[in-house]
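Here the structure is a predicted model, which is why all the values come from computation and not from measurement. Residues take their numbers from the sequence shown, with the count starting at 1.
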Amino acid sequence: MATPLTKPGRGPFDVWAPKPSSVSLRLGDGSTVPMTTVPMTRGSDGWWTPAEPVPADGPVDYGYLLDEDDTPRPDPRSAQQPAGVHGLSRWSADEPYAWGDAGWTGRQLGGSVIYELHVGTFTPGGTLDSAIERLDHLVELGVDLVEPLPVNAFGGTHNWGYDGVGWFAVTENYGGPDAYRRFVDACHARGLGVVQDVVYNHLGPSGNYLPMFGSYLKTGRNTWGDLLNLDEDGSAEVRRYILDNVRMWFAEYHVDALRLDAVHALRDSAHRHLLEEMAIETAALSTTLGRPLTLIAESDLNDPRLITPREAGGYGLDAQWSDDFHHAVHVALTGETTGYYADFEPLSALAKVCERGFFHDGTYSSFRGRDHGVPVDTAHMPTWRLVVCNQNHDQIGNRAIGDRLTEHLDEHQLGCAALLTLAGPFTPMLFQGEEWGATTPFQFFTSHTEPELGKATAEGRIAEFAEMGWDPAVVPDPQDPETFTHSKLDWAEPSSGHHARLLALYRLLGSLRRTEPALTDPGFGSVTAHADEAERLFTLDRTSSAGGAPVRLVLNLAPLPASVDVPDGAVVLARTGDPADSDVSVSGSTLSLAGHAGVLLRLP
């Protein structure tokens, strides 16, 4: 009988369950396949093994009877949940998926563009197979890495994915495990790498049966749920549970990178932090598989220790998000200064982020009420280790009505957001539909089947935004199916008008990143930013140690036209607005910009 990658070194029906005093294996669903119960034997390590041979030549549905409970519970390491997170698990000894990516050598993060998408709203079909139909669009856009929001099994029919409980199973709502393999295969066939978003800091509120098996959780909560037990009794197996999941995505599903959700919420006092263990094992697996494997952390800490190599005393992760970039861009373009945006009001905040990676690098954060962050070692840290965006699922979806920048900015300003992100010094990440200024919102939606949970989620959402001054009447009900439907992209939009012009700018910038060495130079020393607070003018100069001409980004963030001196012979590489208009032009040494307009120049 084959050993699944979800349980290295174990049998397919073995289970770690030190908590119950008895465990039996229940096979069959009772309808199409008669149910059979097989006793299990406990080992000294808390793992249970079937006490007799298991008749399982083909696909078999199974669960575990724990103590006197007569309801079979799904396998904590289930590879498939065909009936959802509350149903039986499925194991199959069928022939493995026939991969077509034998020649795939991977995709490095440095120099790449990431595209974040939510499978359920990316296409009308909302499945992994329907997402394949839009991959050529991403290739034309200049994307290198596709990042789906979490795809593991969650309760209900639709969800952002961060309420997952079946970490080893791809949700059937998106097509299940083989659909995911087809998606990765199709990405690789087009030269696209895959970054899978994973959540290890909490479990969702529906279908979490792990505490019935063992000490997966510990006392305490973070913002989203119960804490994982990373450093108390039984934590060795819990850590192994997470590390084996990391390995599964790389080895079983051929993904190229993982985006680690909210790592600041991991509470780990062990001698070696879980993140460092991930980095060690991922690096070792990379050498075995012969392709780059990347770990990207979402972190609120502004602490470069995460991405400092282990040889220099860091955790050795490859990259982390810089929310400070988003905040600085958002404030510069929208003028919004509520909440955590307050400290980013001066335009100089954007200049500091571009030159130093973080704005809060030991400075006082008025939102937190304390000093925050640690400086980046700009002399040694490459800029690509910071992943940035002007929009993402959180920054849109966690607004009360899920409104995009499209709702607040004109065409020129949306172009300026594109210029800052794709011509800036960091690894750019785009959010689905951003490239054409999608008008569809991305709202917070759930489909909890438990009425009390759905009611609590909706009421909690309203209370949260009421505290922030939003009118509760405008906050969509996350349980309303229309909230999910309204968030689906409208693929008719990018074919005309200002949508088509913005898409053309994004495609041009994606192409320029491959032809202008200065746009992907990894050195902080190649970046010089200047902010004119009075005139609301922002300039960003970039050079390259690999040769090629320097480039200059010039943004007029004021509503009135402006003129700027530039070197004679400067060439316009990209500009905001309609190219048929004269609102951006260079004449001799004078650059003329309409209000809110921006331009990327190649300097002589």
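Separation of the F484 and W160 ring centroids does not fall under the 6.0 Å cut-off. Ring pair W99/H254: centre-to-centre distance below 6.0 Å. Aromatic ring centroids of F13 and W91 lie under 6.0 Å apart. A centroid separation of less than 6.0 Å is found between the aromatic rings of F168 and Y241.
Remark: E277 pairs with R239 by the salt bridge (Lys or Arg N to Asp or Glu O under 4.0 Å) rule, at least two apart or across chains. A search for salt bridge (Lys or Arg N to Asp or Glu O under 4.0 Å) contacts involving D69 returns R73, not counting sequence neighbours. Shown here are the side chain to side chain contact (heavy atoms under 4.5 Å, CB included) partners of E281, two or more places apart in sequence or in another chain: R240, L243. Shown here are the salt bridge (Lys or Arg N to Asp or Glu O under 4.0 Å) partners of D67, two or more places apart in sequence or in another chain: there are none. Taking P148 as the reference, L117, V119, V151, F183, V194, Q196 meet the side chain to side chain contact (heavy atoms under 4.5 Å, CB included) condition, with sequence neighbours excluded. Residues satisfying the salt bridge (Lys or Arg N to Asp or Glu O under 4.0 Å) test with D261, not counting sequence neighbours, are R259.
With salt bridges taken as basic N to acidic carboxylate O contacts below 4.0 Å, none links R90 and D75. Ion pairing between R107 and D101 fails under the 4.0 Å rule for side-chain N and carboxylate O. Using a cut-off of 4.0 Å between Lys/Arg side-chain N and Asp/Glu carboxylate O, D256 and R291 are scored as salt-bridged. A salt bridge is defined here as a Lys NZ or Arg NE, NH1 or NH2 lying under 4.0 Å from an Asp or Glu carboxylate O, and R182 with D185 fails to meet this definition. Looking at D226 and K218, no side-chain N of the basic residue comes within less than 4.0 Å of a carboxylate O on the acidic one, giving no salt bridge.
Remark: of the listed residues T157, L453, T457, T457 is the sole one forming a side-chain contact (heavy atoms from CB on, under 4.5 Å) with T446.
There is no side-chain donor-acceptor pair under 3.5 Å between E133 and S130. For the residue pair N229 / S235, no side-chain donor-acceptor distance below 3.5 Å is found, with atom types taken as modelled. Under 3.5 Å, the side chains of H118 and S487 contain no donor-acceptor pair of N or O atoms. There is no side-chain donor-acceptor pair under 3.5 Å between Y162 and H202.
With values rounded to the nearest 0.5 angstrom, H372 atom NE2 is found 3.5 Å from R368 atom CZ. In this structure, CD in E52 is found 11.0 Å from CE in M40, a value given to the nearest 0.5 Å. Once rounded to the nearest 0.5 Å, the distance linking OG of S78 with CH2 of W167 reads 14.5 Å. How far CG of L25 is from OG1 of T36: 9.5 Å, rounded to the nearest 0.5 Å. One distance of note links CG of D144 with CG of L192; it measures 7.5 Å at 0.5 Å rounding.
Under a cut-off of 6.0 angstrom, the local environment of CG in D233 is sparse, with at most 12 non-hydrogen atoms contributed by other residues, nucleotides or ligands. Atom CD of E68 sits in a sparse spot, with 12 or fewer heavy atoms from other residues, nucleotides or ligands closer than 6.0 Å. Surrounding CZ of R26 are more than 12 heavy atoms belonging to other residues, nucleotides or ligands, all under 6.0 Å away.
Classification of the F442-F445 ring pair by plane angle, with boundaries at 30° and 60°, yields perpendicular.
In terms of modelled atom types and a separation under 3.5 Å, the side chain of Y180 and the main chain of T171 share no donor-acceptor contact. Using modelled atom types, one side-chain atom of Q479 and one backbone atom of H448 make a donor-acceptor pair closer than 3.5 Å. Side chain of N208 to main chain of P205: no donor-acceptor pair is present (N/O by atom type, distance under 3.5 Å, no hydrogens or angles). T287 places a side-chain N or O within donor-acceptor distance of the main-chain N or O of A284, the cut-off being under 3.5 Å. Not a single donor-acceptor pair under 3.5 Å links the side chain of N302 to the backbone N or O of D361.
Looking at Y216 and L203, their side chains never come closer than 4.5 Å, going by heavy atoms from C-beta outward. Put simply, the side chain of T121 reaches to within 4.5 Å of the side chain of Q432, judged on heavy atoms. Annotation: side chain of W249 is in contact with side chain of L258 (closest heavy-atom distance under 4.5 Å). Within the 4.5 Å cutoff, no side-chain heavy atoms of L217 are placed close to those of L210.
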Checking D136 against R190 for the salt bridge (charged side-chain N to carboxylate O under 4.0 Å, His left out) test, could you report, in this order, the C-alpha distance in whole Å, the side-chain angles of both residues, the deciding distance, and whether it holds?
CA-CA 8 Å; D136 290 339; R190 291 164 174 81; 2.8 Å; yes
Derivation and outcome, salt bridge (charged side-chain N to carboxylate O under 4.0 Å, His left out), residues D244 and K7
CA-CA 8 Å; D244 286 347; K7 302 176 183 178; over 6 Å; no
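Across all non-hydrogen atoms, the minimal contact from V146 to C187 is CG2-SG, 4.3 Å.
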